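To start, the structure itself, in structure tokens.
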Amino acid sequence: MDTAILPSTLLLTLLMSVGLFFFIRASTKDRTETARLVSPLNEASLMPRLKEYFRARSYRVAAVDPQQNKVTMTGFVKPSWFLAIFLTVLAAVGFMSLSLVLSLLFSSQSILFYGIVFLSPLSGIFYWNKAGRVENVSLTVEGTDSEQNTKITVIAHRDEIISLEQALQLKRV
């Protein structure tokens, strides 16, 4: 193989490895957002639906502020088995690519480089340890002048907000 090809392939593989590292690290990033939602239901009929929704999702009330009509709930978010396995497989493919390029570049120790593939389960373990955490949801319900619409301000993980929108047919403001 041409001598200019191997170093450039090594450089590209190292860049890919850096991207993979940041991808694995970003899988545990906190994605808390604030959303303002509107429900076509009035406050009296919406509150039991919100309570049942969060109870079904294993959240429990942590604090209530009746003056601001605000409720803070906590719940444990479990890590995803699929994502842990997926990240491990991605890391294994990335380490295998790096091992292949290094073994071609330094052929005398080629068998040693394939040992770094055994580091790939560390990515799944990293995800599993960081992704399982207690999440907080803050709800502020504001009645409007009309009897029909109710405004809700939610501070939660973006996936939780999307799920809430879909389950209760809420619209973003």
Side-chain angles (χ1 to χ4, degrees), residues 1-37 50 52-63 71-139 152-172:
M1 205 178 266
D2 190 8
T3 57
I5 294 173
L6 284 177
S8 62
T9 305
L10 177 64
L11 177 67
L12 291 173
T13 305
L14 289 174
L15 288 174
M16 182 248 349
S17 299
V18 169
L20 179 61
F21 170 77
F22 283 109
F23 180 76
I24 291 169
R25 201 178 89 188
S27 68
T28 62
K29 183 180 175 189
D30 183 31
R31 290 177 172 79
T32 301
E33 291 182 357
T34 301
R36 296 201 31 92
L37 307 171
L50 284 170
E52 177 58 29
Y53 170 81
F54 284 109
R55 187 198 60 75
R57 301 208 24 116
S58 299
Y59 281 91
R60 61 181 180 5
V61 176
V71 177
T72 303
M73 293 169 274
T74 61
F76 183 75
V77 177
K78 293 187 263 182
S80 164
W81 276 104
F82 172 78
L83 195 53
I85 293 169
F86 180 68
L87 291 173
T88 301
V89 169
L90 278 181
V93 169
F95 283 142
M96 190 65 172
S97 299
L98 183 62
S99 299
L100 181 64
V101 172
L102 288 173
S103 69
L104 288 173
L105 205 56
F106 306 106
S107 59
S108 62
Q109 296 100 353
S110 64
I111 197 73
L112 298 175
F113 292 119
Y114 290 107
I116 65 172
V117 175
F118 293 113
L119 296 176
S120 61
L122 293 177
S123 63
I125 293 168
F126 171 79
Y127 165 76
W128 195 263
N129 289 336
K130 296 283 185 172
R133 62 182 174 270
V134 175
E135 291 280 341
N136 293 319
V137 174
S138 178
L139 270 174
I152 307 164
T153 303
V154 182
I155 302 171
H157 190 277
R158 75 171 176 206
D159 294 338
E160 191 65 50
I161 293 172
I162 291 168
S163 177
L164 178 66
E165 281 180 279
Q166 292 171 351
L168 299 180
Q169 289 86 34
L170 303 173
K171 304 269 191 254
R172 288 201 187 224

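Keep in mind that the numbers below use all heavy atoms, side chains included, and drop hydrogens, waters and symmetry copies. This structure is a prediction, so every number in the text was calculated from the model and none was measured.
Contact detail for Thr88 and Pro121: the closest heavy-atom pair is CG2-CA, 3.8 Å. Residues Phe76 and Val134 approach most closely at CD1-N, 4.1 Å, considering heavy atoms. Closest heavy-atom contact between Gly75 and Tyr59: N-CD2, 3.4 Å. Across all their heavy atoms, Ala84 and Trp128 have their closest contact at CB-CE3, 4.1 Å. Considering every non-hydrogen atom in both Ile161 and Ala156, the closest pair reads CD1-O, 3.7 Å. In plain terms, the two heavy atoms of Ser138 and Thr72 that are nearest each other are OG-OG1, 4.1 Å.
Atoms CZ and CG, on Phe113 and Leu104 in that order, are 10.5 Å from each other to the nearest 0.5 Å. The CG atom of Leu100 sits 11.0 Å away from the CG atom of Leu105 when rounded to the nearest 0.5 Å. Note that OG of Ser27 and CG of Leu90 are 10.0 Å apart. Values are rounded to the nearest 0.5 Å. Distance OG/Ser120 to CD1/Ile24: 9.0 Å, rounded to 0.5 Å. The line from CD1 of Ile162 to NE2 of His157 is 9.0 Å long, rounded to the nearest 0.5 Å. Atom-to-atom distance recorded for Ser123:OG and Ile85:CD1 is 11.0 Å, nearest 0.5 angstrom.
Side-chain contact between Leu37 and Glu165 is present, with heavy atoms from C-beta onward closer than 4.5 Å. Counting heavy atoms from C-beta on, the side chains of Arg60 and Phe54 never come closer than 4.5 Å.
Proximity of a side-chain donor or acceptor of Thr74 to a complementary backbone N or O of Ala62 within less than 3.5 Å is not detected.
Within 6.0 Å of CZ in Phe126 there are more than 12 heavy atoms belonging to other residues, nucleotides or ligands. The neighbour count for Phe23 CZ, taken as heavy atoms of other residues, nucleotides or ligands under 6.0 Å away, does not exceed 12. Environment of CD1 in Ile111: sparse, with no more than 12 heavy atoms of neighbouring residues, nucleotides or ligands closer than 6.0 Å.
Applying the side chain to side chain donor-acceptor pair (under 3.5 Å) rule to Arg133 yields the partners Glu135; only residues at least two apart in sequence or on another chain are considered. Not counting sequence neighbours, Phe95 has no partner by the ring-ring contact (aromatic ring centres under 6.0 Å, His included) test. Under the rule for a side chain to side chain donor-acceptor pair (under 3.5 Å), the partners of Glu52 that lie at least two apart in sequence or sit in another chain are Arg55. Listed by chain and residue number, Thr9, Leu10, Thr13 satisfy the side chain to side chain contact (heavy atoms under 4.5 Å, CB included) test with Val101 (two or more places apart in sequence, or in another chain). Among residues two or more places apart in sequence or in another chain, the side chain to side chain contact (heavy atoms under 4.5 Å, CB included) test is passed with Thr34 by Thr153, Ile155.
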Next on the checklist: side-chain contact (heavy atoms from CB on, under 4.5 Å) for Ile152 and Leu164? Distances and angles first, verdict last.
Outcome noted: CA-CA 11 Å; Ile152 307 164; Leu164 178 66; 5.6 Å; no
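Listed by first and then second residue, the salt bridge (Lys or Arg N to Asp or Glu O under 4.0 Å) pairs involving residues 5-30 amount to none (not counting sequence neighbours).
Side-chain contact annotation: Tyr53 with Ser163, donor-acceptor N/O pair under 3.5 Å present.
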